[in-house]
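Quick note: numbers below take in every heavy atom, side chains included, and nothing from hydrogens, waters or symmetry partners. This one's a predicted model, so the numbers in the text were calculated from it and none came from an experiment.
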Amino acid sequence: MKERSMDGKTIILRLEIDTQQAHFGKAVTAIEAAGGDIVAIDVIQTDKQISIRDLTVKITEAGAAERLQTAIQSVPGIRLRHVSDRTFLLHLGGKITIQPKTPIQNRDDLSRVYTPDVARVCQAIEADPKKAFTLTIKRNTVAVVSDGSAVLGLGNIGPYAAMPVMEGKAMLFKQFADVDAFPICLDTQDTEQIIASIKHLAPAFGGINLEDISAPRCFEIERRLRDELDIPVFHDDQHGTAVVLYAGLLNALKLTKRKIEDTRFIICGIGAAGTACTKMLLAGGAKHIVGVDREGILTADRTYSHPMWQWYAENTNDDRISGGLKEALLNADVFIGVSAGGILTREHIQSMAPDPIVFAMANPEPEIRPELAEDIVAVMATGRSDYPNQINNVLCFPGIFRGALDSRAVTINEQMKLAAAEAIASVIGEDELSRLYIIPSVFNTKVVEEVRRRVIQAALDSGAARRRPRE
């Protein structure tokens with residue numbers, strides 16, 4: 001089986017062709033032989049001696065870009081002047097910008113948006129700080145905060161390298177929910193400094209989205225900020241994953257005619273996401289959960305130095321099952337993986353209960369590839385966009401924050417998260433539901449509005465809301 005990338009990528013090759021020595025067909029032949037697919041050709045300059053062309057080439061195999069360059073450079077009369085990756089071109093200068101809501105065209109405009117008239121607005125907020133929600137960007141602004149310690153599948157790459165991801169997250173907020181989000185990457189991985197920095201920034205924002213902060217620090221950072229701030233604090237790597245997972249599970253359980261309280265769940269990978277998924281399942285009524293990490297099954301018969309593992313052991317695995325993944329999966333109904341690629345086998349799945357449900361969410365390589373298990377599972381989901389049933393946080397955080405901001409919620413609580421999951425699941429009608437369609441597309445326009453609506457109601461019902469928004 002060919003090694004494939006997540007989605008493939010497109011590069012642009014600028015070729016200088018000496019028409020006395022070579023013809024364009026040789027370049028085409030070399031590119032196709034190296035695994036490239038030419039999708040566009042642009043003539044930049046041409047004369048009797050030299051032809052300069054930009055070739056847009058799609059590649060889908062690992063290492064193809066390097067093979068392309070080598071192949072072209074080996075053709076006499078053709079010089080590779082430049083290679084541009086279209087993804088890098090998209091990121092040039094960053095992906096977001098800030099635009100004023102009203103133009104400044106004369107001195108009167110200037111005096112009203114800035115000095116001297118702005119002083120009256122400042123004084124109004126000083127007299128009543130709650131007016132910051134109506135008279136500043138606070139009402140619709142979220143800080144996307146990371147320390148760069150656990151970025152996607154890249155690990156601890158630091159705050160500078162984390163910026164493209166946080167910019168992308170800000171784009172998603174705006175695109176899907178019209179929330180103005182701004183990336184903030186902190187040059188510290190000290191828990192106390194991160195907490196202090198975010199608290200100092202909080203007056204400008206209506207919510208805080210923590211992103212790509214490694215465990216176990218992320219638990220303490222979120223807990224403290226939720227206790228000490230009066231705006232929503234949401235660690236998307238934990239709760240966003242949990243909400244979308246739970247939404248998919250609701251539909252998967254419906255398809256396989258299971259009740260959550262009778263279902264046996266195996267969670268593989270007890271980090272931030274695995275712990276949040278477990279808490280979500282418990283809040284939803286699950287009774288039978290077993291966690292597995294690198295040391296095997298977590299059980300209350302042992303003591304763990306990792307505080308979250310200790311909590312996990314004390315609140316799950318009531319039957320005191322011991323061993324490793326093999327022992328955990330015997331007769332289990334659902335496997336939920338937030339661990340590492342390739343650790344789940346067909347034999348593992350075949351040892352599960354009839355009609356097993358598998359959520360293999362490790363990225364970029366799932367715990368098992370769907371094509372290796374599609375004939376022995378009832379329902380399968382991954383975190384990848386090139387397979388059906390993608391568990392993607394984009395389904396969750398835009399609508400949750402839209403609802404939290406519109407209701408001026410002081411927190412995002414379990415009731416609001418459960419409501420969001422139920423909203424996502426409900427977007428798929430009974431007549432549409434199938435083993436290959438348990439979770440809606442991120443581009444389904446119904447998702448954000450339905451999540452927003454139910455989150456607002458849950459915020460009102462639970463006392464987290466400070467206002468009832470007008471519809």
Looking at [Y], is its backbone amide N or carbonyl O close enough to the side chain of [X] to form a donor-acceptor pair, meaning the two atoms are under 3.5 Å apart?
X      : Y      : answer
Glu367 : Met361 : yes
Gln69  : Glu66  : no
Asp236 : Cys396 : no
Lys417 : Ile412 : no
Glu222 : His235 : yes

Validation: residues 93-104 side-chain donor-acceptor distances under 3.5 Å, sequence neighbours left out:
unit_1 : atom_1 : unit_2 : atom_2 : d
Lys95  : NZ     : His91  : NE2    : 3.2
Lys95  : NZ     : Pro164 : O      : 2.6

Quiz item: Could Lys174 and Asp180 be called an ion pair, given the rule that one side-chain N must be under 4.0 Å from one carboxylate O?
Solution: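 Answer for the salt bridge query: yes.
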Quiz prompt | For Arg408, salt bridge (charged side-chain N to carboxylate O under 4.0 Å, His left out) partners two or more places apart | solution = none
Self-check item: Atom CZ of Arg468: over 12 foreign heavy atoms under 6.0 Å
Solution: no
Quiz item: Got more than 12 heavy atoms from elsewhere within 6.0 Å of NZ, Lys326?
Solution: no
Self-check item: pair Tyr387-Arg369: side-chain heavy atoms closer than 4.5 Å
Solution: yes
Quiz item: Below 4.5 Å, heavy atoms only, C-beta onward: do Leu80 and Leu15 meet side chain to side chain?
Solution: yes
Please list, chain by chain and in numerical order, all residues satisfying side-chain hydrogen bond (donor to acceptor under 3.5 Å, both in side chains) with [X], sequence neighbours excluded.
X      : value
Gln415 : none
Glu167 : none
Asn251 : none
Asp227 : Arg223

Which heavy atom in [X] sits nearest to a heavy atom in [Y], and how many Å separate them?
X      : Y      : answer
Ala360 : Met380 : CB-CE, 4.0 Å
Val447 : Leu395 : CG1-O, 3.4 Å
Ala458 : Met416 : CB-CA, 3.8 Å
Val448 : Pro398 : CG2-CB, 4.2 Å

Please table the atom pairs, donor to acceptor, closer than 3.5 Å between any side-chain atom in residues 113-126 and protein atoms at least two apart or in another chain.
none

Exercise. Test Arg384 against Asn392 for side chain to side chain donor-acceptor pair (under 3.5 Å), laying out the working first.
Key: CA-CA 8 Å; Arg384 290 176 55 143; Asn392 191 327; over 6 Å; no
Practice problem: Output every pair passing salt bridge (charged side-chain N to carboxylate O under 4.0 Å, His left out) with a member in residues 181-210, not counting sequence neighbours, ordered by first then second residue. | Solution: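 Qualifying pairs, neighbours excluded: Glu192-Arg224, Lys199-Glu228.
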Self-check item: Listed partners of Phe265 passing ring-ring contact (aromatic ring centres under 6.0 Å, His included), at least two apart
Solution: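 Residues passing ring-ring contact (aromatic ring centres under 6.0 Å, His included) with Phe265: none at all.
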Exercise. Give me the ring orientation class for Phe234 and His239: parallel if the planes are under 30° apart, tilted from 30 to 60°, perpendicular past 60°.
Key: tilted
List the atom pairs, donor and acceptor, that lie under 3.5 Å between side-chain atoms in residues 210-219 and the rest of the protein, sequence neighbours left out.
unit_1 : atom_1 : unit_2 : atom_2 : d
Glu211 : OE1    : Lys169 : NZ     : 2.5
Glu211 : OE1    : Asn209 : ND2    : 2.9
Glu211 : OE2    : Lys169 : NZ     : 2.9
Ser214 : OG     : Ser149 : OG     : 3.4
Ser214 : OG     : Arg217 : NH2    : 2.9
Arg217 : NH1    : Asp147 : OD2    : 2.9
Arg217 : NH1    : Gln189 : O      : 3.0
Arg217 : NH2    : Asp147 : OD2    : 2.8
Arg217 : NH2    : Ser149 : OG     : 2.8

Let me check something: any side-chain donor-acceptor pairs from residues 289-298 under 3.5 Å, sequence neighbours excluded? List them with distances.
unit_1 : atom_1 : unit_2 : atom_2 : d
Asp293 : OD2    : Ile270 : N      : 2.6
Glu295 : OE1    : Arg302 : NH2    : 3.3

Quiz item: side-chain hydrogen bond (donor to acceptor under 3.5 Å, both in side chains): which pairs involve residues 266-285, sequence neighbours left out?
Solution: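 As it turns out, the side-chain hydrogen bond (donor to acceptor under 3.5 Å, both in side chains) pairs with a partner in residues 266-285, which skip direct neighbours, are Thr278-Tyr312.
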Practice problem: With Phe173 as reference, evaluate Phe397, Phe205, Phe182 under the ring-ring contact (aromatic ring centres under 6.0 Å, His included) test and give the passing residue. | Solution: Phe397
Practice problem: Show your reasoning for whether salt bridge (charged side-chain N to carboxylate O under 4.0 Å, His left out) applies to Glu450 and Arg454. | Solution: CA-CA 6 Å; Glu450 187 62 21; Arg454 296 207 192 190; 2.9 Å; yes
